[in-house]
Amino acid sequence: MASLLSLRARTASRPPRPIDDSTSALDYKSVQRTRPPPLPAMDLPRSRTAEEAVTNILYNTPPPSLQPFKKHVLNCLVQNEPGVLSRVSGILAGRGFNIDSLVVCSTEIADLSRMCIVLKGQDGVVEQARRQLEDLVPVWAVLDYTNTRTIARELLLVKVSILGPEYLEEQLTGGPSHQPRQADHPTKLEREAALAHNFERSGISDAANIPLTPSQALRLKHQHLHSISVLASQFGAKIVDVSSHSVIVELTAKTNRVEAFLSLVKPFGVLEAARTGLMAMPRTPLDRPAEEDAEDIISDAVDASLLPPG
């Protein structure tokens, strides 16, 4: 008995075995192997007649499922080695999934990486793909966070023009600095034609063609900059770079808030935009004492004396 206890003590104090290669995931899954739950039931259409069945056999058209397509968030823990991303994306592409976003990053464990995949599909088909991903050698586990309470965030970097939407096309053709393209020097013939055109229209007021003074242009740029900064503060974003013609705004929020912010800054003129994709982490439930639960049950009880007669 003493030898058994000493053996257990030595085993408990022994450090965990290091992860050598991707086959360690196979050992983990063989130990943790449990009977998987049945696949979600597929809603099939109504029963067909003999004529419809024969037509289906002739043209080899299987009956489609009536399940709705909805967004699924898959979280994969994989071995940190080359080629894992191509194998995971290859399985999803082979099943006809279009990946909306894919984020891969390292974890607190040096040999593990985390993948957060967002795609749309039916519950049964996505569950089949999840189990197929979990059978890969370098994959440790694949979790579906679709019906789980999670914290989901996305990072956005957007470069917005402060010159106004009328200069957007000129900024896009101005090169990497996004400066408005300078007009070419007119020739003598063009200057004479412009002078004659202005002389003909001298009696017509055209305020739209009057060029802005440098002070007016500077004032308009500061007005646009102030409007963008106020809008960014309302969304919890911050301006991380300011230049003479544009600003870069950084926003970390949910996907719908990111899309809403993009739609609101679009009238100013969006020069560039980059998004990281969705990252999700499940919430940790709070532990409530049993006394509080009992008090809630007692408070929810209805006093019989307060009920109407009968």
Side-chain angles (χ1 to χ4, degrees), residues 70-76 85 98-108 113-120 143-181 212 214-286:
K70 65 179 183 180
K71 185 177 75 172
H72 290 260
V73 180
L74 299 181
N75 198 279
C76 308
L85 178 60
N98 182 29
I99 300 177
D100 294 338
S101 69
L102 174 61
V103 178
V104 185
C105 62
S106 58
T107 62
E108 68 280 4
S113 295
R114 183 188 298 269
M115 293 185 184
C116 189
I117 306 172
V118 180
L119 48 85
K120 292 181 180 179
L143 304 176
D144 192 351
Y145 285 163
T146 304
N147 299 322
T148 306
R149 298 181 60 189
T150 59
I151 298 295
R153 292 295 182 268
E154 185 175 349
L155 176 65
L156 167 71
L157 290 176
V158 57
K159 183 181 289 186
V160 187
S161 171
I162 59 175
L163 300 179
E166 58 271 12
Y167 294 98
L168 180 62
E169 294 297 331
E170 297 181 5
Q171 283 186 274
L172 291 176
T173 57
S177 61
H178 295 296
Q179 295 183 359
R181 186 173 55 182
L212 296 176
S215 298
Q216 292 175 337
L218 185 62
R219 190 178 300 112
L220 284 179
K221 284 205 286 187
H222 279 278
Q223 288 177 358
H224 291 161
L225 178 60
H226 177 70
S227 301
I228 295 173
S229 61
V230 170
L231 184 62
S233 63
Q234 293 295 325
F235 277 80
K238 58 182 179 180
I239 297 177
V240 295
D241 181 74
V242 180
S243 68
S244 57
H245 305 295
S246 62
V247 295
I248 298 179
V249 185
E250 175 187 338
L251 173 63
T252 302
K254 298 180 181 179
T255 302
N256 53 359
R257 286 182 62 85
V258 170
E259 294 175 352
F261 182 76
L262 276 176
S263 63
L264 289 177
V265 299
K266 188 176 181 180
F268 293 96
V270 176
L271 298 172
E272 294 182 54
R275 300 169 63 173
T276 60
L278 190 70
M279 294 175 286
M281 184 170 292
R283 290 176 178 266
T284 302
L286 295 177

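As a basis for the values below, the full set of heavy atoms in this structure was taken, side chains included, without hydrogen atoms, waters or symmetry mates.
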Compare every heavy atom of [Y] with every heavy atom of [X], then report the nearest pair and how far apart it is.
X: Cys116; Y: Ala280; result: SG-N, 3.8 Å
X: Leu157; Y: Ile248; result: CD2-CG2, 4.4 Å
X: Thr107; Y: Ser113; result: CG2-C, 4.1 Å

Pairwise distance [atom1]([X]) to [atom2]([Y]) - rounded to 0.5 angstrom:
X: Ser229; Y: Gln234; atom1: OG; atom2: CD; result: 10.5 Å
X: Ile228; Y: Ser233; atom1: CD1; atom2: OG; result: 12.0 Å
X: Ser101; Y: Glu154; atom1: OG; atom2: CD; result: 6.5 Å
X: Leu156; Y: Leu262; atom1: CG; atom2: CG; result: 5.0 Å
X: Ile162; Y: Ser244; atom1: CD1; atom2: OG; result: 7.0 Å
X: Leu220; Y: Leu225; atom1: CG; atom2: CG; result: 12.5 Å

side-chain hydrogen bond (donor to acceptor under 3.5 Å, both in side chains) with Arg257: which residues, sequence neighbours excluded?
none
Quiz: residues 146-153 side-chain donor-acceptor pairs under 3.5 angstrom, not counting sequence neighbours:
from	atom 1	to	atom 2	distance (Å)
Thr146	OG1	His72	ND1	3.1
Thr146	OG1	Val73	N	3.4
Thr146	OG1	Asp144	OD1	2.5

Ring pair (Phe, Tyr, Trp, His ring centres under 6.0 Å) with Phe235: which residues, sequence neighbours excluded?
Phe261
With a 4.5 Å limit on heavy-atom distance, are the side chains of [X] and [Y] in contact?
X: Thr255; Y: Arg275; result: yes
X: Leu85; Y: Met115; result: yes
X: Glu250; Y: Leu155; result: yes

Hey, mind stepping through Val265 and Val249 against side-chain contact (heavy atoms from CB on, under 4.5 Å) and telling me if it holds?
CA-CA 10 Å; Val265 299; Val249 185; over 6 Å; no
Among all residues two or more places apart in sequence or in another chain, which pass the salt bridge (charged side-chain N to carboxylate O under 4.0 Å, His left out) test with Lys71?
none
All pairs passing ring-ring contact (aromatic ring centres under 6.0 Å, His included) where residues 263-282 contributes a residue, at least two apart:
none
Contacts of Ser106 that satisfy side-chain contact (heavy atoms from CB on, under 4.5 Å) - sequence neighbours left out
none
